[in-house]
Structures are given as structure tokens and as C-alpha cells.
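For reference, positions follow the sequence shown, starting with 1.
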Amino acid sequence: MQLDVIVIGGSFAGLSAAMQLARGQRKVTVIDAGEPRNRFSDESHGFFGLDGVSPFAIQQEAYRQLLKYPTVNIVKDRAVAVEKNASGFSVTLEDDTSLHSKKLILATGLRDELPNIPGLKERWGATVIHCPYCHGYEVRNQPLGVIATSLLSTHQAGMIPDWGPTTYFTQGLYEPDEEQRAFLLKRGVTIESTPVLEVLGRAPEMSSVYLADGRTIRLAALFVGPKTHMASPFAEQLGCEFEEGPLGLVIKTDPFKQTSVEGVFAAGDVSNPMQNATLASASGVMAGVGAHQSLMHD
């Protein structure tokens with residue numbers, strides 16, 4: 001049986017795309033490997049109507065609602081191969097099952113690469129965080145830090161004082177220029193050029209950071225802009241074009257989330273330069289609408 005659309009990725013973007021297609025009475029299957037980017041966070045914040053609810057609970061409720069539509073199927077498996085052919089697309093699963101569809105939506109997410117500093121990884125999503133709008137309120141009014149990972153880190157450091165007293169750790173690599181320094185000092189940011197070597201305390205909490213000169217600085221949380229990578233090779237294998245995002249490549253799409261490859265749409269963090277749950281869901285809506293519009297014209 002040929003489906004109308006296969007969605008690879010069962011988190012906020014993929015499920016939002018599937019909902020639009022379900023309501024358009026299209027046959028859609030969502031393939032979910034169960035490894036969303038937000039799995040390290042206990043709560044999702046800033047998502048309208050669902051503030052403070054866990055990402056897992058949001059996903060499970062979305063499953064419940066989607067499965068009320070008779071044209072929707074959710075497959076808990078991992079896609080291991082994708083092929084474009086004359087009739088559309090073939091997707092092979094880890095259990096060797098093959099699925100076939102006219103259109104394909106990639107909602108496969110990104111993988112975060114943290115700096116190689118002991119203590120960061122085990123605190124990721126709790127006290128080592130990236131987005132102040134997503135997590136800043138929970139660590140508010142405490143000493144906070146920003147570890148520089150790119151030229152954008154000075155911008156991040158300038159934001160964080162709205163949540164708490166801030167130290168910007170340049171790591172000796174991303175020193176602010178004269179204008180940036182003046183802005184950071186005006187915002188009350190302490191600029192520290194000695195690199196952080198380790199995060200201290202009982203994870204997932206932190207007590208302080210240990211610096212290369214032997215000092216420790218007390219902190220409650222660290223903001224880090226991780227380098228991002230595609231969590232799946234499918235976009236590259238299909239020949240989709242990419243463009244530079246703030247922290248890594250994203251798939252290039254048009255306003256309806258159509259990629260450079262006909263019939264392939266991309267949704268969520270893989271295609272959004274700016275990333276959070278709401279933006280992921282919104283881009284999933286557009287990808288679902290875009291795929292539906294494309295099916296109408298076939």
C-alpha cells in the first residue's frame with residue numbers, strides 16, 4: 001500500500017505535521033525512534049497552553065489525539081534507509097519493514113555537541129541549558145554563567161542578566177570587541193577570560209566552576225550554545241540543500257517547508273535557524289500543509 005505521506009520523527013514538529021494531514025483525510029504514517037532532542041529536559045516551557053508539562057507527556061497526548069483519526073498510523077521503530085523512486089519514496093525500518101509514500105517529511109531533529117568540559121554532559125537539560133526563554137525562569141535570581149562556544153555567545157551573555165547576575169566565560173577564544181564589551185559591562189556582566197575546566201557539585205545540580213588558574217566561581221546554572229549536527233543522514237542522502245544556521249547547518253526550505261528535493265519537506269529544528277518547541281510545532285504545521293497542497297496538485 002502506498003501512503004500519502006511518511007513523517008520521519010515523532011516529536012513536536014513531526015506530530016504537528018501529521019495532525020494537518022490527518023485532518024485533510026490523508027493516509028499518513030509517523031515513524032518514531034523515541035529519541036527526541038528534548039528528552040534531556042523534564043519540563044517544556046513557553047509552549048502556549050502546556051507550560052511546565054514534560055515533553056514526553058505532550059508527545060503521549062498528541063499520540064492519543066492523532067490516533068483518533070482513521071488515516072493515521074504511528075510506528076515505534078527507527079528508519080534506517082530512505083530512497084526516492086519514480087512513485088515517491090521508500091523507507092526501510094530497522095525491523096526490515098518497507099513503507100512507501102508519495103511525499104516525505106523529515107522531522108528528524110538535531111544532535112547537540114557540547115564543549116569538552118567535564119561536568120557539562122550530565123547536567124544538560126537541567127542546570128546546563130541553552131535557551132533562557134525555555135529554562136531561564138527556573139534558575140532565576142541566582143548566579144549564572146555563559147560559556148562561549150561561538151561568536152554569538154556575547155549576544156547570549158547580554159541576555160542572561162534579565163534572569164540573574166551573569167559571568168561570561170570567553171574561554172580565551174571569544175573575547176568581546178570594544179562595542180560588545182561596553183554593552184556587556186553596561187548590562188552588569190562580569191567578563192572572565194580564564195577558561196572553565198570543570199563543573200563542580202552533585203549532578204544534576206552545580207555548585208561552582210573550576211578555572212584554569214585554580215579559582216572557583218559559584219554558579220547555579222550555565223548557559224551553553226551547543227554546536228548542532230543533523231541527527232539523521234537522510235537529508236544529505238536525498239540531496240537536500242543546506243544553509244548556515246547560528247550554531248550549525250539547517251535544511252534549506254521554502255515558506256511551506258518544501259526542500260530543494262521535490263516531494264521532500266522538512267520540519268522542526270532541522271529546518272529552523274531559531275529553535276524552540278513552539279517554532280518546531282509551527283514549522284510542522286507548515287510542512288503538513290505544504291505536503292497536503294503538493295498532493296492536491298499531483
Side-chain angles (χ1 to χ4, degrees), residues 1-22 24-40 55-56 58-112 228-240 242 250-251 253 257-271 280-281 283-284 287-288 290-292 294-295 298:
M1 178 185 75
Q2 188 177 40
L3 300 161
D4 290 313
V5 182
I6 293 173
V7 180
I8 305 179
S11 192
F12 290 24
L15 298 177
S16 295
M19 179 62 78
Q20 312 313 306
L21 292 157
Q25 303 191 81
R26 295 293 184 165
K27 296 189 294 292
V28 56
T29 289
V30 178
I31 301 169
D32 179 22
E35 295 181 352
R37 187 185 184 190
N38 58 20
R39 66 189 181 276
F40 302 101
F56 179 76
I58 294 172
Q59 181 196 52
Q60 294 306 300
E61 177 60 18
Y63 281 176
R64 186 191 69 79
Q65 294 178 10
L66 272 170
L67 290 174
K68 292 191 300 183
Y69 293 89
T71 59
V72 175
N73 187 32
I74 296 173
V75 176
K76 301 289 285 186
D77 205 335
R78 184 182 304 277
V80 295
V82 173
E83 180 183 355
K84 185 172 171 40
N85 50 50
S87 60
F89 300 90
S90 295
V91 178
T92 303
L93 305 182
E94 205 164 46
D95 67 0
D96 288 332
T97 301
S98 289
L99 302 175
H100 309 279
S101 65
K102 299 173 185 175
K103 309 293 177 183
L104 180 68
I105 296 177
L106 299 176
T108 43
L110 297 175
R111 175 176 59 84
D112 294 302
T228 59
H229 307 274
M230 293 285 142
S232 160
F234 297 148
E236 183 177 4
Q237 291 174 2
L238 289 165
C240 298
F242 294 86
V250 294
I251 302 170
T253 66
K257 309 307 288 183
Q258 164 81 52
T259 73
S260 60
V261 177
E262 186 178 355
V264 180
F265 298 77
D269 293 352
V270 291
S271 64
S281 179
S283 73
H292 183 256
S294 180
L295 287 164
D298 279 356

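For T228, the side-chain contact (heavy atoms from CB on, under 4.5 Å) criterion is met by R37, L110, D112, L247, not counting sequence neighbours. Residues forming a side-chain contact (heavy atoms from CB on, under 4.5 Å) with Q25 (at least two apart in sequence, or on another chain): none. The side-chain contact (heavy atoms from CB on, under 4.5 Å) search around D96 returns none, not counting sequence neighbours. Shown here are the side-chain hydrogen bond (donor to acceptor under 3.5 Å, both in side chains) partners of R78, two or more places apart in sequence or in another chain: E35. For the side-chain contact (heavy atoms from CB on, under 4.5 Å) test, residues two or more places apart in sequence or in another chain that qualify with S16 are S281, V285. Remark: S271 pairs with K257 by the side-chain hydrogen bond (donor to acceptor under 3.5 Å, both in side chains) rule, at least two apart or across chains. Residues satisfying the salt bridge (charged side-chain N to carboxylate O under 4.0 Å, His left out) criterion with K84, sequence neighbours excluded, are absent altogether. Taking the side-chain hydrogen bond (donor to acceptor under 3.5 Å, both in side chains) definition, one finds that T97 meets it with D95, sequence neighbours left out. Remark: F12 engages F47 in a ring-ring contact (aromatic ring centres under 6.0 Å, His included) (not counting sequence neighbours).
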Side chains of residues 98-105: which donor-acceptor pairs under 3.5 Å do they make with residues two or more places apart or in other chains?
unit_1 : atom_1 : unit_2 : atom_2 : d
H100   : ND1    : S90    : OG     : 2.8
S101   : OG     : K103   : O      : 2.8
K103   : NZ     : S294   : OG     : 2.9
K103   : NZ     : D298   : OD1    : 3.3
K103   : NZ     : D298   : OD2    : 3.3

Please table the atom pairs, donor to acceptor, closer than 3.5 Å between any side-chain atom in residues 61-68 and protein atoms at least two apart or in another chain.
unit_1 : atom_1 : unit_2 : atom_2 : d
E61    : OE1    : R64    : NE     : 3.1
E61    : OE2    : R64    : NE     : 3.3
E61    : OE2    : R64    : NH2    : 2.6
E61    : OE2    : Q65    : NE2    : 2.8
Y63    : OH     : D32    : OD2    : 2.2
Y63    : OH     : Q59    : NE2    : 3.3
Y63    : OH     : K76    : NZ     : 3.4

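Enclosure of atom CD in E236 is not indicated, since only 12 or fewer non-hydrogen atoms of other residues, nucleotides or ligands lie within 6.0 angstrom.
Looking only at side-chain heavy atoms (C-beta outward), H292 and R26 come within less than 4.5 Å of each other.
The CD1 atom of I8 sits 8.5 Å away from the CG atom of L93 when rounded to the nearest 0.5 Å.
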